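Written below as structure tokens is the structure these notes are about.
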Amino acid sequence: MSEEHIEDLNEVMKARRAKLAKLQEMGVNPFTYSFDRSASALTILEQFESFENKTVTIAGRIMSLRRMGKASFAHIMDVSGRIQIYVRLDRVGEKSFAVFGLLDIGDIIGVKGTVFKTHAGEITVLADEVELLSKNLHPLPIVKERVEDGRKITYDAFADTELRYRQRYIDLLVNSQVKEIFITRSRIISAMRRYLDERGYLEVETPVLQPLYGGAAARPFTTHHNTLDMTLYLRIADELYLKRLIVGGYEGVYEISKDFRNEGIDRTHNPEFTMMELYVAYKDYHFMMDLVEEMVNFICQEVLGTTSVTYQGQEIDFKAPWPRLPMFEAIRQYTGLDLYAKSRDELRRAAKTLQVEIESFWDGGKILDEIVKNKVEPNLVQPTFLCDYPVELSPLAKRHRNDDRLVERFESFVAGREISNAFSELNDPIDQRQRFEQQMTLKEAGDEEAQMLDEDFIHALEIGMPPTAGLGMGIDRLVMFLTDAASIRDVIFFPTMRPEK
RNA sequence: GAAGGUGUAGCUCAGCUGGUAGAGCAGCGGCCUUUUAAGCCGUUGGUCGGGAGUUCGAUUCUCCCCACCUUCACCA
């Protein structure tokens, strides 16, 4: 603060500081300690009849200011909303009115006054006392709104996406719908917790820093521990640790946490994102499909009061049950080709026919995955379970009870995007070792996302894991669907950005 | 990683084929005691993302760099 160069500040900021100095000369502390409130803006607006002509104390940030000589109107905003205040010289006295004259949009104030309705019909607090609580020194974007024919028209919206993400605190202040999105996000997560807690699942925490990463196909972030002098990875998934807890005797555990994947950024991917993983003993993937449907329905009802939403112009209904579409049937349906039990070369030809680009080192599973990604997934607009994946794609999933080529796995899709991934967990340690070894082969062949062999995890399986169903659900994407957000950055407070130079 | 787009006052934007910048809002001064995108009068404010080049002269043309957006690639 002492290093601040006043001469570098622009005119507006200089004016703010001049006012700050003036206020201090007048004996006003511009950064106070606390303030007792008796009501929020919203409760006064909603319960006007019981507040009319009563005294209230409220606090909030000045968001608009209309001075008219010896009287002023302003809107102040607290977490619940905005309410107008009316400050008159003859009511607050000369000193207070002079202090009020030095206030700006962006200042945080406390007001004691009487609730009434103006001639124009707006519920307003007629101030008896106004107290500055925190001075604004950097001007806020001024966003003005007008209601015409019931529609809200916004003038000079704070719309620069880069600034909105970098300075989210401003975005939250001036774009009211942004605050709503994040409140909805919170409610979604808390509804999910409630659903899981009510069913007796135990919320747990497992390591973020891991000597071996696993549980998903992804490139990790690497870091280093000084004292141990060892490389550690930021987790790409919780899976292998949560399954160790099932081995340890818990019968239902879940974790809601950040995972980190060192990959591209676009509107559905952020390097750190929130994942919910759940493992339930003695259950299989059929149980997990039922659970996903039911849990998402529960969340929709709790948060939105309905299961149908509009996402980017598309009507989507989460109402259970969702279709359960075996992968090879889906491929038949959307490409006309039957790719079941085809050789790698046959799959290559199919990819070529379908104009799906593939890499030379890919095995049959990976080629299939690419075909599904391009030809099937975009069609899955309404919530759908795509199930029964080829075994090569799922090194941690259990073989299908009726088909050795497949695993008991499903992913759920909405608007062409995956929101969950689950399977009957592989608990045969011998099979698991072979799958890991196959992954190692892929890794050597150049697949950077192939998984690493985790001896301790196999050791755990050798101790014995009950049959278990496991689930991973991307929270950010779920939030996107329920808030109609086009970009993952709209549902993450502080998305990863390059630093400003 | 590739292609395209954008970057001008605190905010939202305008600036045609090069002549060193404008508007509205905000700010500042004045008038105004039920206004509300308050109004009226006056006024301040910009290394035109950064750097280099071409030119008598660059916000405008060229090149490099930076950030963001979109699409693709990659990725759940």
Side-chain angles (χ1 to χ4, degrees), chain A residues 8-16 18-19 63-75 82-92 97 104-106 116-124 126 136-148 152-167 170-171 174-175 215-219 236-237 259 261-271 273 275 357 359 369-370 372-374 377 386 393 411-413 416-421 448-449 472-477 486-489 495 497-501:
Chain A
D8 289 343
L9 302 178
N10 74 30
E11 294 293 318
V12 181
M13 288 187 268
K14 281 181 191 166
R16 292 281 201 276
K19 288 180 184 177
M63 298 304 289
S64 70
L65 194 50
R66 294 176 292 283
R67 298 184 195 278
M68 294 174 301
K70 297 186 180 65
S72 292
F73 286 92
H75 277 94
R82 296 181 186 207
I83 190 166
Q84 180 167 260
I85 63 166
Y86 180 36
V87 181
R88 293 168 58 116
L89 170 61
D90 60 8
R91 189 102 181 173
V92 300
F97 200 74
D104 295 292
I105 289 172
F116 78 112
K117 206 177 257 185
T118 63
H119 292 328
E122 180 162 355
I123 295 164
T124 300
L126 173 58
N136 164 284
L137 293 179
H138 198 120
L140 232 43
I142 308 297
V143 179
K144 294 194 173 183
E145 289 172 350
R146 183 169 56 125
V147 177
E148 191 170 272
K152 196 155 79 173
I153 301 171
T154 304
Y155 298 84
D156 300 332
F158 178 61
D160 185 306
T161 44
E162 185 178 350
L163 282 179
R164 286 183 49 224
Y165 297 147
R166 288 191 194 282
Q167 302 179 18
I170 295 177
D171 191 31
V174 303
N175 292 327
R219 273 142 55 193
I236 57 172
D259 284 350
R261 299 190 183 174
N262 206 340
E263 286 157 355
I265 296 178
D266 63 28
R267 65 183 210 288
T268 57
H269 299 263
N270 194 62
F273 61 101
M275 180 81 112
E357 285 185 36
E359 300 280 350
D369 188 35
E370 198 64 17
V372 169
K373 200 173 279 181
N374 285 284
E377 292 178 10
L386 196 60
L393 281 178
E411 295 184 311
S412 63
F413 289 87
R417 302 228 178 84
E418 182 210 336
I419 60 166
S420 72
N421 179 19
E448 284 189 82
E449 290 143 18
M473 182 173 271
I475 301 297
D476 309 282
R477 294 205 183 156
S487 168
I488 197 168
R489 295 181 152 197
M497 307 278 282
R498 280 209 167 84
E500 291 175 285
K501 68 160 185 59

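Fair warning: this is a prediction, and the values are worked out from it, not measured in the lab. Within every chain, numbering begins at 1; the chains are lettered A, B, ... in the order of the sequence lines, protein sequences first and strands thereafter.
As the counterpart of B:U17, no nucleotide is assigned, since no Watson-Crick or G-U wobble pattern has both distances under 3.5 Å. Pairing for B:A38 is absent, judged as Watson-Crick or G-U wobble with the two contacts each under 3.5 Å. Taking a pair to require two hydrogen-bonding distances under 3.5 Å in either a Watson-Crick or a G-U wobble arrangement, B:A9 remains unpaired. When Watson-Crick and G-U wobble pairs are counted only if both distances are under 3.5 Å, B:U44 pairs with no nucleotide at all. Figure legend. B:U54 is base-paired to no nucleotide; pairs are counted as Watson-Crick or G-U wobble with both atom distances under 3.5 Å. Pairing for B:U70 goes to B:A3, judged as Watson-Crick or G-U wobble with the two contacts each under 3.5 Å.
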Which atom pairs link the protein and nucleotides 28-31 of chain B when you take only N or O atoms and keep those under 3.5 Å?
{"unit_1": "B:C28", "atom_1": "OP1", "unit_2": "A:Lys19", "atom_2": "NZ", "d": "2.3"}

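A:Arg261 comes within contact range of the sugar-phosphate backbone alone, with a heavy-atom separation under 4.0 Å but no base atom that close. Counting non-hydrogen atoms under 4.0 angstrom, A:Arg164 reaches nothing in the nucleic acid. Across all strands, A:Phe116 comes closer than 4.0 Å to base atoms (heavy-atom distances).
Comparing the same atom, P, in B:G30 and in B:U20 gives a spacing of 35 Å after rounding to whole Å. Distance check on atom C1': B:U34 versus B:G7 gives 44 Å, rounded to whole Å. Between B:G49 and B:G5, the two C1' atoms lie 15 Å apart (nearest whole Å). Nucleotides B:C56 and B:G51 have their C1' atoms positioned 23 Å apart, rounded to a whole Å. Here the separation of B:U6 from B:C16, taken at their P atoms, is 13 Å to the nearest Å. Straight-line distance between the C1' atoms of B:U36 and B:C48: roughly 35 Å, to the nearest whole Å.
Minimum atom distance to the side chain of A:Ile105 is reached by B:A26, of the listed B:A67, B:U33, B:A26. Distances from the side chain of A:Asp90 to the nucleotides B:A73, B:U33, B:A67 place B:U33 closest. With B:C68, B:U70, B:A26 as the choices, the nucleotide that has an atom nearest any side-chain atom of A:Lys144 turns out to be B:A26. For A:Arg66, the side-chain atoms get nearest to B:U35 when compared with the rest of B:U70, B:U33, B:U35. For A:Tyr86, taking side-chain heavy atoms from C-beta onward, the closest of the listed nucleotides B:A73, B:C69, B:U33 is B:U33. Here the nucleotide nearest the side chain of A:Thr118, chosen from B:A67, B:U34, B:U33, is B:U34. Across B:U35, B:C74, B:U33, the shortest atom-to-atom separation from the side chain of A:Glu370 is found for B:C74.
Looking at A:Asp90 and A:Lys70, no side-chain N of the basic residue comes within less than 4.0 Å of a carboxylate O on the acidic one, giving no salt bridge.
Annotation: side-chain hydrogen bond (donor to acceptor under 3.5 Å, both in side chains) contacts of A:Asn175 (sequence neighbours excluded): A:Asp171. Legend: residues meeting side-chain hydrogen bond (donor to acceptor under 3.5 Å, both in side chains) with A:Asp266, ordered by chain and number and at least two apart, are A:Thr268. Take A:Phe413 and apply the ring pair (Phe, Tyr, Trp, His ring centres under 6.0 Å) test, not counting sequence neighbours, and it matches no residue. Applying the salt bridge (charged side-chain N to carboxylate O under 4.0 Å, His left out) test to A:Arg91 and every residue at least two apart in sequence or in another chain returns A:Asp128.
Residues A:Ser412 and A:Ser420 bring a donor and an acceptor atom of their side chains to less than 3.5 Å of each other. A donor-acceptor contact closer than 3.5 angstrom is absent between the side chains of A:Asn270 and A:Arg489.
Under the 4.5 Å side-chain criterion, counting only non-hydrogen atoms from C-beta, A:Val174 is in contact with A:Leu140.
Contact check, A:Arg166 against B:A67: no side-chain N or O comes under 4.0 Å of OP1 or OP2. For B:C69, one of the phosphate oxygens OP1 or OP2 lies less than 4.0 angstrom from a side-chain nitrogen or oxygen of A:Arg489.
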Practice task
Might you work through the side chain to side chain contact (heavy atoms under 4.5 Å, CB included) test for A:Thr124 and A:Thr118, ending with a clear yes or no?
Solution key: CA-CA 7 Å; A:Thr124 300; A:Thr118 63; 3.3 Å; yes
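Between the base of B:U35 and the side chain of A:Gln84 there is a donor-acceptor pair shorter than 3.5 Å.
Taking the six-membered ring where the residue is Trp, A:Tyr86 and A:Phe73 present parallel rings, their angle staying beneath 30° rather than reaching 60°.
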Exercise for the section: Can you check each nucleotide of nucleotides 3-12 of chain B against protein heavy atoms at under 4.0 Å and return B for base, S for sugar-phosphate only, - for none, in 5' to 3' order? Expected result: -------SSS
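Taking every heavy atom of both residues into account, A:Glu263 and A:Ala218 meet most closely at OE2-CA, 3.2 Å.
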